[in-house]
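Worksheet for the structure shown next.
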Amino acid sequence: MYIPTHFDEPKIGVLHQLINSHPLGILFTAGKSGMDANHIPFLLDPEQGSLGTLHAHVARSNPVWQDVVDNDEVLVVFRAADAYISPTWYPSKHETQRQVPTWNYMVAHAFGKVVIHDDERYVRGMVARLTRIHEAPQEVPWKMTHAPRDYIDALIKDIVGLEFEITKLIGKSKLGQDESARDMRGAGTRLRAQGDVLVGDAMIDRAESDK
């Protein structure tokens, strides 16, 4: 990924937060069948490995877990948010006309080596952790024990676990850092007004901290 210095996000904690807040990643593989991409929810263990470890599962019928082998290199891309930026939102545009459209976004790229876990204990534990995390906000959180045991057992047998120790983690926050603080605030305010709150807030926060 091309990352100009002013768009670089080097803080591991910030990138871990991005992954935890937006856990549906895109897993890119280059296996025996060639390039492939799968959209998978991931669970990040920040304490496992120097940069953290990602855990996931796929359907047994998904060929990805047989298309790769242990220690194959993979890439997982996590996207927080993105938004189109109109040049009319920059105050300086109305003074100089020297602005053009662009697109702002926040992403993290996690590189690692895959380990296949075709065993019930790993899969059951990982699915239970995923469930606890994502059900926590519900008024009455669903638990695996709420479903019949034989039903859950059959589903567990139909999925395969994947583990990726992160070997390289890079991030990019393109939020108008190459513009003036007032232009960042102007565009960020317009984004918030139209509902693109995540990018809008990030632009305004960056304008206050960087300028």
Side-chain angles (χ1 to χ4, degrees), residues 1-30 34-44 46 50-52 54 56 64 73-112 130 133-134 136-137 164 166-211:
M1 174 168 60
Y2 171 59
I3 309 178
T5 302
H6 43 276
F7 297 149
D8 182 34
E9 180 48 79
K11 298 177 182 176
I12 300 302
V14 171
L15 299 179
H16 280 181
Q17 183 178 1
L18 187 154
I19 293 170
N20 285 329
S21 299
H22 307 276
L24 184 67
I26 306 175
L27 169 64
F28 292 95
T29 56
M35 292 292 296
D36 194 13
N38 283 269
H39 300 256
I40 304 172
F42 285 87
L43 175 67
L44 171 67
S50 60
L51 296 173
L54 296 168
V64 66
E73 292 187 332
V74 299
L75 166 64
V76 185
V77 174
F78 297 93
R79 169 190 159 275
D82 68 273
Y84 171 78
I85 307 297
S86 170
T88 62
W89 298 345
Y90 295 130
S92 67
K93 180 268 179 190
H94 303 283
E95 300 166 358
T96 68
Q97 304 302 319
R98 298 176 67 84
Q99 290 288 359
V100 294
T102 191
W103 210 285
N104 285 355
Y105 52 90
M106 295 174 286
V107 295
H109 288 194
F111 297 81
L130 272 173
I133 290 171
H134 295 296
F164 314 88
I166 301 174
T167 56
K168 182 170 70 170
L169 183 60
I170 59 176
K172 184 174 182 179
S173 293
K174 183 177 179 296
L175 300 170
Q177 297 94 320
D178 52 342
E179 303 292 346
S180 68
R182 66 172 183 146
D183 279 347
M184 292 175 69
R185 283 193 295 268
T189 300
R190 288 296 299 267
L191 285 176
R192 287 201 304 192
Q194 69 180 28
D196 288 312
V197 177
L198 190 57
V199 177
D201 283 350
M203 291 184 67
I204 293 171
D205 290 345
R206 190 61 64 94
E208 298 302 323
S209 63
D210 287 0
K211 301 298 182 180

* Asked: Are any non-hydrogen side-chain atoms of S86 and R190 less than 4.5 angstrom apart?
  -> no
* **Side chains of F111 and I170 in contact at under 4.5 Å (non-hydrogen atoms)** => yes
* Structure fact -> So CZ of R79 and CD1 of I26: to nearest 0.5 Å the spacing works out to 9.0 Å
* Structure fact -> d(N104 CG, M203 CE) to nearest 0.5 Å is 5.0 Å
How close do [X] and [Y] get, counting heavy atoms only, and between which atoms?
X    : Y    : value
A81  : L198 : CB-CD2, 3.5 Å
I3   : D8   : CG2-CA, 3.5 Å
H22  : A80  : CE1-O, 3.3 Å
F78  : I19  : CD1-CG1, 3.6 Å
Y84  : P87  : OH-CD, 4.3 Å
A207 : M184 : N-CE, 3.6 Å

* Asked: Donor-acceptor pair, H16 side chain versus L51 backbone, under 3.5 Å?
  -> yes
* List in chain and number order the residues that pass side-chain contact (heavy atoms from CB on, under 4.5 Å) with N20, two or more places apart in sequence or in another chain; answer none if no residue qualifies. => L44
* Audit row: E9, R206, salt bridge (charged side-chain N to carboxylate O under 4.0 Å, His left out) steps and yes/no -> CA-CA 12 Å; E9 180 48 79; R206 190 61 64 94; 3.6 Å; yes
* **K168/E73 ion pair, N-O < 4.0 Å** => no
* Mind checking what makes ring pair (Phe, Tyr, Trp, His ring centres under 6.0 Å) contact with F7, not counting sequence neighbours? -> none
* Structure fact -> The complete set of side chain to side chain donor-acceptor pair (under 3.5 Å) pairs with one or both residues in residues 191-204, sequence neighbours excluded, reads R192-D201, Q194-D196
* Which is it for I85 and L191 under the side chain to side chain contact (heavy atoms under 4.5 Å, CB included) test, yes or no, and what are the steps along the way? -> CA-CA 8 Å; I85 307 297; L191 285 176; 3.5 Å; yes
* Please test L175 against V199 for side chain to side chain contact (heavy atoms under 4.5 Å, CB included), starting from the C-alpha separation and ending with a verdict. => CA-CA 7 Å; L175 300 170; V199 177; 4.2 Å; yes
* Take K172 and Y105 through the side-chain hydrogen bond (donor to acceptor under 3.5 Å, both in side chains) test and state the conclusion after the steps. => CA-CA 8 Å; K172 184 174 182 179; Y105 52 90; 2.9 Å; yes
